[in-house]
Each structure stands twice: as C-alpha cells, then as structure tokens.
Amino acid sequence: PKRPPSAFFVFMDTFRKEYKEKHPDVKQVSVVGKAGGEKWKSLSDAEKAPYAAKAEKLKAEYTKKIDAYNNPQAGE
C-alpha cells in the first residue's frame with residue numbers, strides 16, 4: 001500500500017487547485033510549491049487542524065491496509 005500524505009501534502013492538494021485557478025499562466029512547479037510553503041507557514045495551528053485531521057484519517061486507513069498486507073491470514 002502507498003504511504004499516506006502528511007498534513008502539508010493534504011493542504012498542497014487543495015492549494016494547487018486554488019492557485020491554478022487564480023494564476024492559470026503559471027506553469028512552473030517550483031513557483032506553486034514556494035507559494036504553498038509560504039502559505040502553510042503563515043497558517044495558524046487552528047487553520048492547519050482540518051488538514052492534520054484528514055492526514056490522521058488517511059494514516060489510520062493506511063495502518064489497516066498495511067496490517068492486512070503483512071498478515072493476509074488475519075483477514076480471512
């Protein structure tokens with residue numbers, strides 16, 4: 001199973017979409033990444049909380065999948 005994204009990567013997923021809508025002419029990945037990093041640093045812990053919660057949920061799902069992968073007999 002693929003590892004779950006961190007809270008930052010969950011944030012970047014939504015940020016990229018918003019950034020591309022506002023700046024359709026920017027095609028460089030580095031520009032979008034730098035803008036996302038600066039925005040992430042400027043967010044408070046309360047603003048980061050929804051992304052952290054989603055990342056925790058994805059991590060819990062990953063843990064279940066990896067347990068099933070490592071112990072295939074347990075699922076039967």
Side-chain angles (χ1 to χ4, degrees):
K2 190 174 178 182
R3 287 184 173 221
S6 66
F8 174 71
F9 285 104
V10 172
F11 163 76
M12 281 302 291
D13 190 38
T14 56
F15 179 80
R16 272 188 213 98
K17 293 173 187 168
E18 293 172 4
Y19 191 84
K20 287 188 178 192
E21 287 176 7
K22 293 178 184 175
H23 306 93
D25 55 326
V26 176
K27 302 291 182 193
Q28 296 174 319
V29 174
S30 61
V31 173
V32 178
K34 284 184 181 182
E38 291 171 7
K39 175 76 174 173
W40 179 254
K41 287 179 186 176
S42 70
L43 294 177
S44 68
D45 287 340
E47 292 171 319
K48 291 179 183 180
Y51 303 109
K54 187 171 182 181
E56 284 297 320
K57 181 181 172 190
L58 292 171
K59 186 176 180 180
E61 290 175 13
Y62 168 77
T63 304
K64 288 179 186 176
K65 288 180 183 177
I66 200 72
D67 286 343
Y69 178 79
N70 288 332
N71 301 317
Q73 297 170 347
E76 295 176 0

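Ring pair Phe11/Trp40 is tilted by interplanar angle, where 30° to 60° counts as tilted.
With sequence neighbours excluded, the residues satisfying side chain to side chain contact (heavy atoms under 4.5 Å, CB included) with Ser42 are Lys39.
In the hydrophobic clustering of this structure, Ile66 does not group with Leu58; members are Ile, Leu, Val, Met, Phe, Trp, Tyr whose side-chain heavy atoms approach within less than 4.5 Å, directly or through other members.
For the atom pair CE (Met12) and CZ (Phe9), the distance works out to 8.0 Å, reported to the nearest 0.5 Å. Atom NZ of Lys65 and atom CZ of Arg3 lie 14.5 Å apart (nearest 0.5 Å).
Within a 6.0 Å radius of NZ in Lys59, other residues, nucleotides and ligands contribute 12 heavy atoms or fewer. Few gaps surround CG on Asn70; more than 12 heavy atoms of other groups in view lie less than 6.0 Å from it.
Contact between Ala7 and Tyr51 at its shortest, heavy atoms only, is O-CB, 3.7 Å. Taking every heavy atom of both residues into account, Arg16 and Val32 meet most closely at CG-CG1, 3.8 Å. When all heavy atoms of Pro4 and Tyr62 are compared, the closest pair comes out as CD-CG, 3.4 Å. Nearest approach of Phe8 to Gly37, heavy atoms of both residues: CE1-CA, 4.2 Å. Of all non-hydrogen atoms in Val10 and Lys54, the two that sit nearest each other are CG1-CD, 3.7 Å. Between Ala55 and Ser6, the closest heavy-atom pair is CB-C, 3.9 Å.
The backbone N or O of Ser44 sits less than 3.5 Å from a side-chain atom of Glu47, completing a donor-acceptor pair.
The closest side-chain heavy-atom distance from His23 to Asp25 is below 4.5 Å.
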